[in-house]
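One structure below.
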Amino acid sequence: MPTVLNFAYGSNMLLARLRQRVPSARMRVVATLPGHALRWHKLGQDGSGKCDVLAVDDPQASVIGVVFEIALSDKPRLDAAEDLGVGYAEKEVDVQTHAGPVRAWVYHALRIDPAAVPFDWYKALVLAGAREHGLPPSYVDRLDATPSRPDADLARAARNFALLGASPDAATQSA
């Protein structure tokens, strides 16, 4: 079965979230994308901020994430979930792993709003994915320091918090 490698750095790091979108997803390795900074400025269709990897001219900058292998036949489903061509574009990048460089696809934002703020459930998914894969505590702390806001769409919030087995109240208390 042909597969493709995807570097996830936002809510898709959480395996339960990614498998909702692409059931074939298999975690391969934690990786670092050099020369990029994580931003929460991608403007989602729901008006909130989503994660983005922004290429920067800083040799110290990097984004930590997870490389997943997905069936090529599932890729159109992930592209649709990421609103490819409207919300995100994609590019091939070399990420660094403990075993050396790996070439993977990554989504990067097309619609940016520097004032965008993520919903609490989205931030909780990103944090859960980072913790699930053992990202460095200092990196997780930086993710956790990101301001977030409650989602007025309570049904959407509940659906997303359900992936964590948590209620919105529990997640906002830790955010």
Side-chain angles (χ1 to χ4, degrees), residues 1-46 48-59 61-112 116 118-119 121-136 139-140 143 156 159-165:
M1 165 175 57
T3 61
V4 63
L5 297 179
N6 174 261
F7 177 70
Y9 54 85
S11 66
N12 283 340
M13 286 191 294
L14 184 64
L15 189 56
R17 164 79 155 189
L18 186 57
R19 282 204 176 142
Q20 263 190 338
R21 296 168 166 189
V22 287
S24 65
R26 300 288 176 262
M27 189 273 193
R28 288 277 303 268
V29 66
V30 171
T32 301
L33 176 60
H36 288 73
L38 183 73
R39 298 288 186 264
W40 300 73
H41 64 193
K42 188 268 184 185
L43 187 60
Q45 289 181 353
D46 58 16
S48 71
K50 308 291 190 236
C51 288
D52 179 32
V53 288
L54 181 67
V56 294
D57 189 20
D58 177 357
S62 64
V63 175
I64 304 173
V66 182
V67 175
F68 288 95
E69 183 174 17
I70 63 171
L72 191 56
S73 60
D74 271 351
K75 179 128 180 2
R77 293 176 60 176
L78 186 57
D79 290 344
E82 296 300 335
D83 207 14
L84 183 64
V86 178
Y88 285 102
E90 64 183 341
K91 63 183 177 181
E92 267 191 301
V93 293
D94 290 315
V95 294
Q96 302 302 316
T97 74
H98 66 279
V102 171
R103 193 112 175 117
W105 288 95
V106 66
Y107 294 102
H108 61 97
L110 292 173
R111 297 178 56 212
I112 293 172
F119 287 136
W121 58 259
Y122 180 81
K123 177 182 166 182
L125 294 177
V126 174
L127 284 167
R131 290 178 179 129
E132 177 179 44
H133 299 291
L135 272 55
Y139 190 80
V140 174
L143 295 174
R156 178 176 53 213
R159 279 192 311 274
N160 284 287
F161 277 121
L163 287 170
L164 305 169

Once ring-ring contact (aromatic ring centres under 6.0 Å, His included) is applied, do any residues pair with Y107, and if so which ones, sequence neighbours excluded?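 Y107 satisfies ring-ring contact (aromatic ring centres under 6.0 Å, His included) with no other residue.
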Which residues satisfy the ring-ring contact (aromatic ring centres under 6.0 Å, His included) test with H41, sequence neighbours excluded?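 Result, ring-ring contact (aromatic ring centres under 6.0 Å, His included) vs H41: none returned.
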Side chain to side chain contact (heavy atoms under 4.5 Å, CB included) partner of S11, the single match among K50, K123, R17: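 Testing S11 for a side chain to side chain contact (heavy atoms under 4.5 Å, CB included) against K50, K123, R17 leaves exactly one candidate, R17.
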Distance, nearest 0.5 Å, that separates [atom1] of [X] from [atom2] of [Y]:
X	Y	atom1	atom2	result
W40	C51	CH2	SG	4.0 Å
S48	W121	OG	CH2	6.0 Å
L135	L143	CG	CG	7.5 Å
E90	D79	CD	CG	5.0 Å
W105	L78	CH2	CG	13.0 Å
Y88	R111	OH	CZ	11.0 Å

Closest approach of [X] to [Y] (non-hydrogen atoms, all atoms of both residues):
X	Y	result
A124	F161	CB-CE2, 4.0 Å
G65	M13	CA-SD, 3.9 Å
A31	T97	CB-CG2, 3.8 Å
L164	A128	CD2-CB, 3.4 Å
I64	Y139	N-OH, 3.3 Å

Output every pair passing salt bridge (Lys or Arg N to Asp or Glu O under 4.0 Å) with a member in residues 4-16, not counting sequence neighbours, ordered by first then second residue.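 Listed once each, the pairs would be none.
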With ring centroids as reference points, do H133 and F68 lie under 6.0 angstrom apart?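 Aromatic pair counts; centres sit under 6.0 Å.
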With T3, which residues qualify under side-chain contact (heavy atoms from CB on, under 4.5 Å), at least two apart?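 T3 satisfies side-chain contact (heavy atoms from CB on, under 4.5 Å) with E69 only.
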Pairing residues for P34 by the side-chain contact (heavy atoms from CB on, under 4.5 Å) criterion, not counting sequence neighbours: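 For P34, the residues satisfying side-chain contact (heavy atoms from CB on, under 4.5 Å) (neighbours in sequence not counted) are Q96.
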Pair R39 + D52, salt bridge at N-O below 4.0 Å: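 The answer is no: the pair does not qualify as a salt bridge.
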Just by distance, do the side chain of R19 and the backbone of A25 share a donor-acceptor pair under 3.5 Å?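 Such a contact is found between R19 side chain and A25 backbone.
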E92, CD: over 12 other non-hydrogen atoms inside 6.0 angstrom: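 Yes, enclosed.
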Would a 4.5 Å heavy-atom cut-off, applied to side chains only, mark L5 and V102 as touching?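 They are in side-chain contact.
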Would N12 and E82 count as having a side-chain donor-acceptor pair, cut-off 3.5 Å?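 Short answer, yes.
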Can you pull the side chain to side chain donor-acceptor pair (under 3.5 Å) pairs that have at least one residue in residues 23-33, sequence neighbours excluded?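 Every pair satisfying side chain to side chain donor-acceptor pair (under 3.5 Å) with a residue in residues 23-33: S24-D74.
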